[in-house]
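Everything on this sheet refers to the single structure shown next.
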Amino acid sequence: MSSDNQIAQEALTFADLGLSPKVLSAVTDAGYTVPTPIQLGAIPHALQGKDVLGIAQTGTGKTASFVLPMLTRLEKGRARARMPRTLILEPTRELAAQVEENFIKYGKNHKLNIALLIGGVSFDEQEKKLERGADVLIATPGRLLDHRERGKLLLNGVEILVIDEADRMLDMGFIPDIERICEMIPFTRQTLFFSATMPPEITKLTEQFLHAPVRVEVSRAASSSTNITQRLVKSGPKPWDKRETLRNLINAEADGLKNAIIFCNRKVEVAELFRSLVKYDFDAGALHGDMDQRARMQMLSNFRDGKLKLLVASDVAARGLDIPEVSHVFNYDVPIHAEDYVHRIGRTGRAGRLGKAFTIVTKSDVKYVDAIERLTGLKIEWHDGDLSTVVASESEDDAPRRGRGAGAPRRSGRKDEGERKPRGERRPRSAAEPKPADEKAQHQPELRSEPVIADNDERPARREAIKTENAERKTRPERADQPRGDRQERPRREDRNARQRQEDNDGTVGFGDDMPAFMRVAGKV
DNA sequence: AAAAAAG
């Protein structure tokens with residue numbers, strides 16, 4: 001460990017790490033000169049053929065810390081048919097694709113065959129690539145094993161094995177698969193193993209499959225990072241309350257909001273919230289695991305390229321995805337598992353940038369917030385007053401407003417909202433309805449919110465640009481390969497009331513009738 | 001109270 005430190009102190013640029021000229025030139029072309037701590041710690045050892053145990057979050061430069069030495073080592077030798085020379089295991093399809101992009105970027109001076117084996121796409125092309133002999137094989141476990149069972153893949157030629165995001169593999173129940181795969185690969189391989197955390201199961205795995213690993217640990221940037229401003233935002237409990245809270249928040253943050261990921265706990269909510277935001281003319285897209293794979297990729301790349309401002313997503317997007325310059329994370333739902341919170345907000349404030357993370361909290365979420373604060377050891381401030389200042393009402397579903405004393409007469413027959421259209425975004429009460437006088441004081445927001453970086457002079461132009469791009473995007477024939485045919489079941493309501501939007505962003509983007517079918521799918525029950 | 005990954 002002292003040797004790591006020495007290397008870290010002496011080697012200050014990529015040129016000092018022992019990478020090949022081809023790799024170095026690609027790194028330089030990509031605009032990088034100074035390695036991150038994980039790269040400094042891992043690359044020299046990886047080049048020497050040692051096993052590495054890297055404990056690091058994404059956003060720390062972890063991917064390059066195995067891609068670059070692998071490329072250097074791959075310069076000697078050739079792949080044989082169906083016998084890949086290296087294997088990288090990733091927990092999600094998006095992460096796998098992201099690693100492939102890294103190999104393409106940094107391997108541009110090499111002639112390497114790269115194969116990406118992930119589910120949701122056809123086998124044919126993947127098999128062709130295997131047949132041709134893959135230098136680099138990047139895979140999610142399920143599809144990899146599938147190929148192997150079909151006899152299209154032999155793993156006994158693998159020289160380097162990378163297991164990435166091991167703790168997430170654990171969460172997702174992949175460990176048995178990982179063990180199986182590890183056992184198929186020769187003992188003589190080099191193993192590079194990465195995990196953000198080291199729960200006991202993972203430690204056991206490393207003891208089982210790593211040989212005298214060099215341990216490289218970098219301080220967790222994301223979890224305790226001070227460059228992310230975190231706030232809790234009070235909200236009423238109903239979907240329309242939360243959606244309104246979110247809209248208000250997005251509008252209030254408009255000046256500093258370059259782009260944002262909005263996390264929901266469930267796929268259904270992703271689809272619903274997405275539809276709602278589009279209806280309100282926000283530049284939004286959606287991403288969750290039930291979407292067609294092509295659409296997932298498309299959404300992600302649009303968001304990454306800045307063609308899409310808001311990405312409504314499930315936790316498929318919570319970990320690992322490397323999207324630089326996400327300015328905001330909104331937790332539309334408080335994550336049930338506290339660790340997920342850390343991963344979600346880690347999508348912003350990356351690479352030393354400033355980020356903001358807002359979490360919408362209803363009364364019933366308080367216990368989850370407590371768990372998050374316990375985990376992170378931080379008390380998260382309220383954005384504009386805590387829940388005691390929100391409408392004191394919200395017993396389950398009725399109670400338009402529990403004015404104290406003689407309650408306002410309930411509207412009869414409104415016990416369940418069966419006949420109401422939740423999609424209509426109607427609010428059960430008027431926003432202008434005054435609070436009882438004795439509660440007014442509490443209603444004042446604490447005027448101590450953080451300063452916002454002012455760059456509003458460029459904003460309108462930027463918005464226009466985004467709208468234009470969005471309009472282009474929606475003309476893509478996205479639904480061509482959509483298998484499910486339940487679009488017509490849902491009555492369309494295209495008669496928008498003009499009063500729905502008194503905001504300035506009435507440029508009418510959104511999908512309207514062009515909304516791709518996959519967006520609707522998850523909303524079905 | 002979930003999501004993800006094989007189909």
Side-chain angles (χ1 to χ4, degrees), chain A residues 58 88-99 116-124 126-127 138-153 163-181 196 237-239 242 261-274 286-293 295-297 299-300 311-321 331-344 347 359-372 396-397 481 483-484 521-523 525:
Chain A
T58 40
I88 297 125
L89 291 171
E90 295 288 336
T92 69
R93 299 169 186 176
E94 275 76 13
L95 283 173
Q98 190 170 286
V99 170
L116 178 66
L117 305 190
I118 59 174
V121 293
S122 95
F123 282 86
D124 296 350
Q126 297 178 356
E127 283 179 4
I138 305 153
T140 46
R143 182 57 72 97
L144 181 89
L145 290 170
D146 210 340
H147 275 286
R148 209 193 106 90
E149 276 154 24
R150 293 169 175 231
K152 301 294 181 186
L153 178 61
I163 297 168
D164 197 14
E165 301 269 332
D167 52 350
R168 185 162 194 209
M169 302 261 201
L170 173 71
D171 289 347
M172 293 170 65
F174 283 164
I175 296 304
D177 287 346
I178 299 298
E179 287 174 338
R180 275 180 67 199
I181 294 165
K238 289 304 201 181
K242 293 176 71 171
I261 305 180
I262 303 164
F263 283 105
C264 301
N265 284 356
R266 284 178 293 237
K267 289 176 282 199
V268 196
E269 286 176 323
V270 171
E272 279 176 3
L273 179 60
F274 161 75
L287 182 67
H288 63 70
D290 277 357
M291 281 165 50
D292 160 81
Q293 185 59 29
R296 281 168 68 166
M297 296 292 190
M299 276 300 168
L300 195 56
L311 184 65
V312 188
S314 68
D315 279 316
V316 69
R319 302 199 198 191
L321 289 189
N331 287 314
Y332 177 78
D333 295 311
V334 182
I336 293 166
H337 294 299
E339 320 87 73
D340 290 334
Y341 176 83
V342 177
H343 292 290
R344 288 181 182 185
R347 296 313 98 205
T359 301
I360 295 177
V361 183
T362 70
K363 257 184 160 177
S364 51
D365 296 326
V366 169
K367 53 183 177 293
Y368 300 116
V369 174
D370 290 344
I372 290 166
E396 294 318 290
D397 47 12
D481 53 352
R484 335 223 187 162
V521 173
V525 187

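So that the names make sense, note that chain A is the first sequence line, chain B the second, and so on, each numbered from 1. If you're wondering where the values come from, they're calculated on a predicted model, not measured in any experiment.
The side chain of A/D340 lies closest to B/dA2 when the candidates are B/dA5, B/dA2, B/dA6. The side chain of A/S314 lies closest to B/dA4 when the candidates are B/dA4, B/dA5, B/dG7. Comparing B/dA2, B/dG7, B/dA4 against the side chain of A/H337 picks out B/dA2 as the nearest. Candidate nucleotides B/dA3, B/dA1, B/dG7 were compared by shortest atom distance to the side chain of A/I336, and B/dA1 ranks first.
Taking only side-chain nitrogens and oxygens, A/R266 never comes nearer than 4.0 Å to OP1 or OP2 of B/dA4. Distances shown here put a side-chain N or O of A/R143 below 4.0 Å from the OP1 or OP2 atom of B/dG7. For A/T140, a side-chain nitrogen or oxygen approaches OP1 or OP2 of B/dA6 to under 4.0 Å. At the phosphate of B/dA5, neither OP1 nor OP2 sits under 4.0 Å from any side-chain N or O atom of A/T92. Contact between the side-chain N/O atoms of A/R93 and the OP1/OP2 oxygens of B/dA6 is found at a separation under 4.0 Å.
Counting any heavy atom pair closer than 4.0 Å across all strands shown, A/R296 reaches sugar-phosphate atoms only and no base atom. Nucleic acid contact class of A/G173 (heavy atoms, under 4.0 Å, all strands): none. A/Y368 comes within contact range of at least one nucleobase, with a heavy-atom separation under 4.0 Å. Contact annotation for A/P335: no contact, since no heavy-atom pair falls under 4.0 Å across all strands.
Taking atom NZ of A/K363 as the reference point, atom P of B/dA1 lies 21 Å away to the nearest angstrom. Rounded to a whole Å, the CD atom of A/E149 is 18 Å from the P atom of B/dA5. For the pair A/L95 CG and B/dA4 P, the interatomic distance rounds to 13 Å; values are reported in whole Å. For the pair A/H288 NE2 and B/dA4 P, the computed distance is 8 Å after rounding to whole Å. A/I118 has its CD1 atom 8 Å from the P atom of B/dA6, to the nearest Å. The OH-C1' distance, from A/Y332 to B/dA1, rounds to 14 Å in whole Å. Between A/M172 atom CE and B/dA4 atom C1' there is a gap of 3 Å when expressed in whole angstrom units. For A/F263 and B/dA2, the CZ to C1' distance is 14 Å, given to the nearest whole Å.
A/K242 places a side-chain N or O within donor-acceptor distance of the main-chain N or O of A/Y332, the cut-off being under 3.5 Å. Side-chain atoms of A/N265 come within 3.5 Å of backbone N or O of A/V334 as a donor-acceptor pair. Formation of a donor-acceptor pair under 3.5 Å by the A/S314 side chain with backbone atoms of A/V316 is found in this model.
Geometrically, A/R143 engages A/F123 in a cation-pi contact defined by less than 6.0 Å to the ring centre and at most 45° from the axis.
The pair A/R266-A/D333 does not count as a salt bridge, with every side-chain nitrogen at least 4.0 angstrom from each carboxylate oxygen.
Put simply, the side chain of A/D365 does not reach to within 4.5 Å of the side chain of A/T359, judged on heavy atoms.
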